[in-house]
Amino acid sequence: MPVPFADLQLQYQTIKGEIDRAIAGVIRDNAFIRGSYVDAFEREFAEAAEVAHCVSCANGTDALYLAMKALQVKPGDEVVTAAHSWISTSAMITHAGATVAFADTDGATFTVDPAAIEAAITPRTVGIIPVHLYGHPADMDAIMAIAKKHKLWVIEDCAQAHFARYKGRMVGTFGEVATYSFYPGKNLGAMGDAGAVVTNDASLAEHMTMLARHGGLVKHQHHIEGINSRLDGIQAAILAAKLPHLASWTRARQNAAKVYDGGLNQIDDVVVPEVAPERSHVYHLYTIKHPRRDALAAHLNANGVQTAINYPTALPFLAAYARFGLRPEQFPNAHRDQSQILSLPMFAEIAPAQQDAVIKLVREFT
Ligand SMILES: *Cc1c(COP(=O)(O)O)cnc(C)c1O
């Protein structure tokens, strides 16, 4: 049985009427760039994300850039982030004008280790960017305590963790700003690129709005030099149509994770994803560890099961960071994980028979 890694077509078929109507409305109203559909989505997303302000932008990478620019990072500033993430998180620190400092992951949840953050702090550190990787919330109590002690800002990278909760509180509501991606494969995905920053701080929201709109709120009044990073109307309408379904899609992912956990956790050498106490994992990815990861992946792929490695090289070891000369022993968890992690097919509509096929193949491998 072929099992795709994700199936965006299947999701579209379940809500085709709603999506098609949303797109047709934008075309009818000529609301292609910003406009009423974008305004409506920003309101609805802020409410759903339990924050006061949502500023939409072109993608989750720009969201990180806008957040740091609004927090006014400057050359010489250092920003600490997780050693294992998508490169946007660290690359935007550099592009915003600061210097990246990596902190190792905790070895169990794939999210950043607060003790490693503390160890990475210097007199030049200005902020921390935890990443709620794979949909598992980072340890926000510990991170916010460190931020408070050292007077640092926090930007939460929520690109993989739409509406996950930490001790009952939604991710993205702890730090000064949180960033979201609506890349098509994310838990809430557009049909193209899209992103947003959210905050409870009205002046930061206004500053990020200006930055994303050529430096002004009113046409031809440029208060600063901004960039052009906008959500288009069609993507906003699609996201607004999908948003009411997100909670049930998340429950379906969580149920699918339970099925995987039950089928895989007794198998020798397989480590199923750990969920730390009092956290809700939204399973953007279901990532296991296995000491013979590459052979297991080859076995699954040869039998029609698509897998992915997120991410095969932890950030400190990428060519992009060769200038820092970082070594594996400085990031032992990220370094070990990069050769053991394997993401299995995970999407809200995955069928029990598809999961059974994956579990059976993993079992017969060992
Ligand atoms: C997807 C992602 C981003 C970037 O989002 P884009 O919309 O693709 O620019 C940033 N950080 C993390 C952790 C991501 O997974």
Side-chain angles (χ1 to χ4, degrees), residues 5-6 8 41 45 49 54-69 79-96 100 102-103 105 109-112 127-138 140 143 154-164 171-172 175 177-198 208 211-212 227-232 234-236 238-239 242 253 273 281-287 308-316 318 320 334 337-338 341 343 346-347:
F5 187 65
L8 298 178
F41 174 69
F45 190 75
C54 167
V55 178
S56 61
C57 61
N59 55 65
T61 305
D62 281 5
L64 287 157
Y65 177 81
L66 293 168
M68 271 179 278
K69 277 297 191 190
V79 177
V80 182
T81 194
H84 216 164
S85 179
W86 176 239
I87 192 170
S88 298
T89 320
S90 52
M92 290 307 108
I93 295 172
T94 308
H95 285 305
V100 186
F102 292 113
T105 47
T109 69
F110 304 110
T111 55
V112 67
I128 308 170
I129 309 185
V131 183
H132 304 303
L133 200 71
Y134 306 157
H136 182 283
M140 291 314 299
I143 292 166
V154 172
I155 298 171
E156 293 173 75
D157 185 339
C158 298
Q160 301 190 0
H162 306 72
F163 308 162
V171 298
V177 184
T179 63
Y180 283 90
S181 166
F182 307 115
Y183 176 83
K186 298 287 162 79
N187 287 24
L188 178 63
M191 291 181 159
D193 275 316
V197 283
V198 302
M208 293 189 290
L211 282 167
I227 60 169
N228 174 20
S229 180
R230 45 196 181 203
L231 177 64
D232 73 65
I234 287 181
Q235 300 310 333
I238 290 167
L239 289 166
K242 286 186 169 193
R253 285 177 183 271
H281 193 321
V282 296
Y283 295 101
H284 171 56
L285 296 170
Y286 185 91
T287 302
I309 299 169
N310 310 88
Y311 300 89
T313 307
L315 297 172
L318 287 170
D337 289 350
Q338 71 178 21
I341 47 173
S343 300
M346 170 54 81
F347 46 100

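Numbering of ligands and ligand atoms starts at 1, following listing order.
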Centroid separation Tyr134 to His136 less than 6.0 Å: no
Which residue holds the protein heavy atom closest to atom 3 (C) of ligand 1, what is that atom called, and what is the gap in Å? Trp86 CD1, 3.6 Å
Suppose we call two aromatic rings close when their centres sit under 6.0 Å apart. Are Tyr286 and Phe347 close by that rule? no
Rounding to 0.5 Å, atoms CZ (Phe110) and CD (Gln160) come to a distance of 12.0 Å
Less than 4.0 Å is my threshold; does some heavy atom of His284 fall inside it relative to ligand 1? no
Below 4.0 angstrom from a heavy atom of Ser85, which ligand 1 atoms are there? Numbered from 1 as shown, please. 13 (C)
For atom 2 (C) of ligand 1, what's the nearest protein heavy atom and its distance? Lys186 NZ, 2.7 Å
Find all atoms of ligand 1 within a distance of less than 4.0 Å from any non-hydrogen atom belonging to Ala159, and give their numbers and elements. 2 (C), 3 (C), 10 (C), 11 (N), 12 (C), 14 (C), 15 (O)
Below 4.0 angstrom from a heavy atom of Gly60, which ligand 1 atoms are there? Numbered from 1 as shown, please. 4 (C), 5 (O), 6 (P), 7 (O), 9 (O)
Between Glu156 and His132, do the side chains contain an N or O donor and an N or O acceptor separated by less than 3.5 Å? yes
Any atoms of ligand 1 less than 4.0 Å from a non-hydrogen atom of Asn59? List them with their elements. 7 (O), 9 (O)
Between Thr81 and Thr89, is there a side-chain donor-acceptor contact under 3.5 Å, judged purely by atom types and distance? no
Has the side chain of Gln338 got a donor or acceptor atom that lies under 3.5 Å from a matching backbone atom of Ala314? yes
Heavy atoms only: which of Pro184, Gly195, Cys57, Ser88 lies closest to atom 4 (C) of ligand 1? Ser88
Looking only at protein heavy atoms, which one is nearest to atom 15 (O) of ligand 1, and how far off is it? Gln160 NE2, 2.8 Å
Please indicate whether any nitrogen or oxygen in Ser181 is less than 3.5 Å from any nitrogen or oxygen in ligand 1. yes
Applying a heavy-atom cut-off of 4.0 Å, say which part of Ala63 lies close to ligand 1: side chain, backbone, both or neither. neither
With ring centroids as reference points, do Phe182 and Phe45 lie under 6.0 angstrom apart? yes
Heavy-atom distances under 4.0 Å decide this one: backbone, side chain, both or neither, for Val131 against ligand 1? side chain
At what distance is the nearest protein heavy atom to atom 9 (O) of ligand 1, and which residue and atom is it? Thr61 OG1, 2.5 Å
One should read off an interatomic distance between Asp62 CG and Asn228 CG, to the nearest 0.5 angstrom, of 9.0 Å
Relative to atom 11 (N) of ligand 1, which among Leu133, Leu285, Asp157 owns the nearest non-hydrogen atom? Asp157
Between the side chain of Asn310 and the main-chain N/O of Ser343, is any donor-acceptor distance below 3.5 Å? no
